[in-house]
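Predicted model only: the values in this text are computed from it and were never measured. The sequence lines fix the lettering, A, B, ..., with proteins before strands; numbering per chain opens at 1. Computed over heavy atoms, backbone and side chain alike; hydrogens, waters and symmetry mates excluded.
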There are 2 protein chains.
Amino acid sequence: MTTTIADEPPARRNATPGPERGGGATLADVARLADVSRATASRVLAGRAAGKSASHARVLAAAEELGYVVNGLARSMMGVGRRSIAFVSSIMVGPTFATMAGGAEDIATAKGHLFTMCTTGGDLDREAALIETLSEQRVAAVLLVGSTPATEEFERRAQGYSDTLARVGARLILCGRAALPEHPQIASIDYDHRGGVRSGVEHLVGLGHRRIAFVGSLDDMTTPHQRFLGYQDGLADAGIEFDADLTVQSGNSSDDAASATVAFIERHPEVTAMVCQTDVMAVGVCRALHDAGIAIPAQISVVGFDDMQLVADLTPSLTTVRAPFHRVGELAGRIAVGGVYDGPAVLPVELIVRGSTGPVRA
Amino acid sequence: MTTTIADEPPARRNATPGPERGGGATLADVARLADVSRATASRVLAGRAAGKSASHARVLAAAEELGYVVNGLARSMMGVGRRSIAFVSSIMVGPTFATMAGGAEDIATAKGHLFTMCTTGGDLDREAALIETLSEQRVAAVLLVGSTPATEEFERRAQGYSDTLARVGARLILCGRAALPEHPQIASIDYDHRGGVRSGVEHLVGLGHRRIAFVGSLDDMTTPHQRFLGYQDGLADAGIEFDADLTVQSGNSSDDAASATVAFIERHPEVTAMVCQTDVMAVGVCRALHDAGIAIPAQISVVGFDDMQLVADLTPSLTTVRAPFHRVGELAGRIAVGGVYDGPAVLPVELIVRGSTGPVRA
DNA sequence: TTGTAAGCGTTATCAT
DNA sequence: ATGATAACGCTTACAA
């Protein structure tokens with residue numbers, strides 16, 4: 001004997017990591033239990049039912065009883081529902097990224113969007129794959145954060161990202177990265193890397209310094225490069241000739257900067273000030289100088305960049321450049337949620353003078 | 001004359017912030033252009049077509065020409081496609097959260113999930129709304145991160161979160177928060193707050209300290225409370241009677257801790273060591289002591305918690321407790337992506353002895 | 001290998 | 001106020 005149960009649902013598939021189907025109650029279940037149509041149930045649950053009829057209460061009760069949770073994915077397919085804003089950076093830790101992310105998230109969630117964070121680990125292929133994935137998920141916008149290679153090849157990549165995103169109605173926004181003049185449809189919210197370092201050098205020059213070194217990664221990424229240019233600007237302003245021997249290459253860790261400094265200072269005892277690409281490097285520089293018995297700022301002044309937490313608490317406290325990271329995130333977020341974008345923004349930075357810089361000794 | 005175009009699509013709706021519909025090409029468009037069925041197009045594009053027929057190439061070409069981007073939302077409805085892992089914390093900045101997030105993100109993206117970060121700003125209503133929203137979006141799991149109120153009311157809330165998530169096949173995972181014994185289905189990956197502070201006190205006792213103060217926020221949140229208990233444990237171990245007068249209340253900013261210390265140390269000059277709930281507080285304590293002309297560690301030793309970046313570079317460098325934040329994130333991530341959970345985990349922490357602690361002077 | 005057809009869980013249209 | 005019904009864009013038996 002063969003028994004056929006008419007309304008037996010078909011076997012459920014179960015493909016991870018896909019959303020589990022058939023898990024909870026659906027709108028149809030609620031409607032059935034409340035003895036109304038799906039349309040009515042939908043209206044009631046979305047709070048867009050006219051008055052409150054008898055069915056109104058029944059629908060609510062049924063939803064409650066069944067533990068109904070509306071399927072946002074299905075809603076999205078109808079053109080309602082939430083879109084995500086994506087934040088793509090090379091790495092997640094680090095006060096600068098986190099602060100920018102915080103600014104963007106504030107705006108995004110205030111507007112009812114979800115906020116997705118992705119890291120690339122600096123891998124451009126991963127970055128491209130990520131943009132593709134995010135497009136598939138129909139994000140509202142992608143914030144591409146931080147430094148990028150300052151190459152034509154990258155510009156082509158970015159154009160590709162922008163094109164892919166545009167196909168799904170999403171926008172690409174660069175954060176903390178200068179606009180690409182050839183690609184005006186790619187938005188950019190940046191801060192004044194170059195002017196910041198320049199003002200640091202200016203400050204030192206005002207204190208009488210002339211032999212000023214620069215510590216940085218000196219690669220072709222935008223952030224290092226812009227900051228390096230700011231150093232050169234500062235020298236030029238003061239009529240000091242740029243001397244390539246006074247640039248110190250270092251990775252962005254305090255240990256790297258410390259060992260680079262040890263080697264450097266031995267060759268160049270005449271230097272009276274060191275300008276660093278980042279606070280992290282500056283901290284390493286300070287440690288190396290201290291260990292070498294060189295007094296800060298009596299013998300050598302040090303300037304950082306980023307004004308990260310705790311550098312004010314170092315001994316001596318660090319003179320550095322403060323950038324409005326949170327504000328950068330906010331502005332980018334505003335564009336991401338549909339605000340108007342009228343051209344690249346470059347937010348001003350501020351030199352915070354503290355104890356690590358002082359007059360050059362006579 | 002009335003002209004009716006048969007295949008004219010209906011007018012598109014356009015409700016922000018919902019995903020823009022009708023934007024790009026659909027699978028049907030690709031199939032039409034390639035002159036195959038949607039099924040074939042789907043198979044080819046998903047790379048699950050058998051061999052490579054003539055149509056194979058045509059589909060690829062059509063997709064390319066149309067700039068087709070598969071709709072991941074629609075895929076999700078079929079049970080395939082990516083689910084997100086959500087990371088919910090009170091705030092985004094802060095090295096501990098960011099590091100945990102990094103660990104979780106590593107695992108999540110490696111398994112093809114998206115990673116969504118949401119902040120509550122410490123608002124429990126926002127937290128509840130967020131859980132609801134994330135359930136609607138059919139996340140795979142929610143990582144609830146950091147301290148929570150240690151109250152029965154919170155346990156009820158958490159149970160509610162867990163229930164809502166369970167309805168959509170998702171899991172709730174506490175990170176950096178002890179398990180709730182009454183609610184074993186809520187997973188927990190925690191680290192040893194209590195043991196960490198205890199070992200700090202033990203270290204001080206070993207150096208001869210007896211008058212040891214505790215600086216913390218002293219509220220009913222789990223993290224502060226656990227760390228406070230660790231302080232009491234440490235005292236008890238050494239047979240030192242707990243003296244409530246030696247607890248200092250402070251907000252979690254170095255400025256707060258500094259001003260609290262100023263007031264405290266005047267009343268209690270007999271204290272020879274201060275154990276702090278966080279590194280941030282410890283830094284404030286150090287600054288206040290330094291400004292008051294009290295030498296660290298000669299006159300007073302200081303212990304922190306978290307081992308955040310740069311505390312090793314302070315003068316003196318900070319003795320603190322290092323917790324495996326990245327690992328906590330990884331383990332939580334592993335459960336989130338479907339790994340087995342066999343009971344609460346409490347990861348060990350490590351006391352990092354540096355320059356801020358020394359023997360009590362004779 | 002390919003096509004047909006039946007979903008997935010919503011919302012919107014348009015009658016009633 | 002409510003209910004049929006048709007989308008939305010995709011996947012996948014099942015049949016050819």
**Student:** With a 4.0 Å cutoff (strictly under), does any side-chain N or O of B/Ser37 reach OP1 or OP2 of C/dG3?
**Tutor:** yes
**Student:** The side chain of B/Val80 is closest to which nucleotide in this list: C/dT11, D/dT11, D/dG9?
**Tutor:** D/dT11
**Student:** D/dC10 P sits how many Å from B/Arg43 CZ, rounded?
**Tutor:** 15 Å
**Student:** For B/Arg48 and C/dT1, what is the distance between atoms CZ and C1' respectively, to the nearest whole Å?
**Tutor:** 14 Å
**Student:** From the set D/dT12, C/dT10, D/dG9, return the single nucleotide nearest to any side-chain atom of B/Thr26.
**Tutor:** D/dG9
**Student:** Using atom CG of A/Leu45 as one end and atom P of C/dG9 as the other, report the distance to the nearest whole Å.
**Tutor:** 15 Å
**Student:** Hey, are A/Asp29 and A/Arg38 close enough for a salt bridge, meaning a charged N less than 4.0 Å from a carboxylate O?
**Tutor:** no
**Student:** What class does the angle between the rings of A/Tyr161 and A/Phe154 fall in, given that below 30° is parallel, 30 to 60° is tilted and above 60° is perpendicular?
**Tutor:** perpendicular
**Student:** I need the CG-C1' distance between B/Leu73 and C/dC8, as an integer number of Å.
**Tutor:** 13 Å
**Student:** With a 3.5 Å cut-off and heavy atoms only, can you find an N or O donor on one side and an acceptor on the other between the side chain of A/Arg38 and the base of C/dT10?
**Tutor:** yes
**Student:** Please report the distance, rounded to the nearest Å, between CG in B/Leu27 and P in D/dG9.
**Tutor:** 11 Å
**Student:** Does A/Arg75 reach the main-chain N or O of A/Val80 with its side chain, forming a donor-acceptor pair under 3.5 Å?
**Tutor:** no
**Student:** How close or far is atom C1' of D/dC8 from atom CE of B/Met78, stated in whole angstroms?
**Tutor:** 13 Å
**Student:** Give a yes/no answer on whether the side chain of B/Ser42 brings an N or O atom under 4.0 Å of OP1 or OP2 in D/dC10.
**Tutor:** no
**Student:** Can you check whether A/Val139 reaches A/Arg83 side chain to side chain, under 4.5 Å on heavy atoms?
**Tutor:** no
**Student:** Find the distance B/Glu136:CD to C/dG9:C1' and express it as a whole number of Å.
**Tutor:** 13 Å
**Student:** Can you check whether B/Gly121's main-chain N or O pairs, donor with acceptor, with B/Thr119's side chain at less than 3.5 Å?
**Tutor:** no
**Student:** Counting only distance, no hydrogens or angles, is the base of D/dG9 paired donor-acceptor with the side chain of A/Arg138 under 3.5 Å?
**Tutor:** no
**Student:** Grab the CZ-C1' distance between A/Arg75 and D/dG9 for me, whole Å please.
**Tutor:** 18 Å
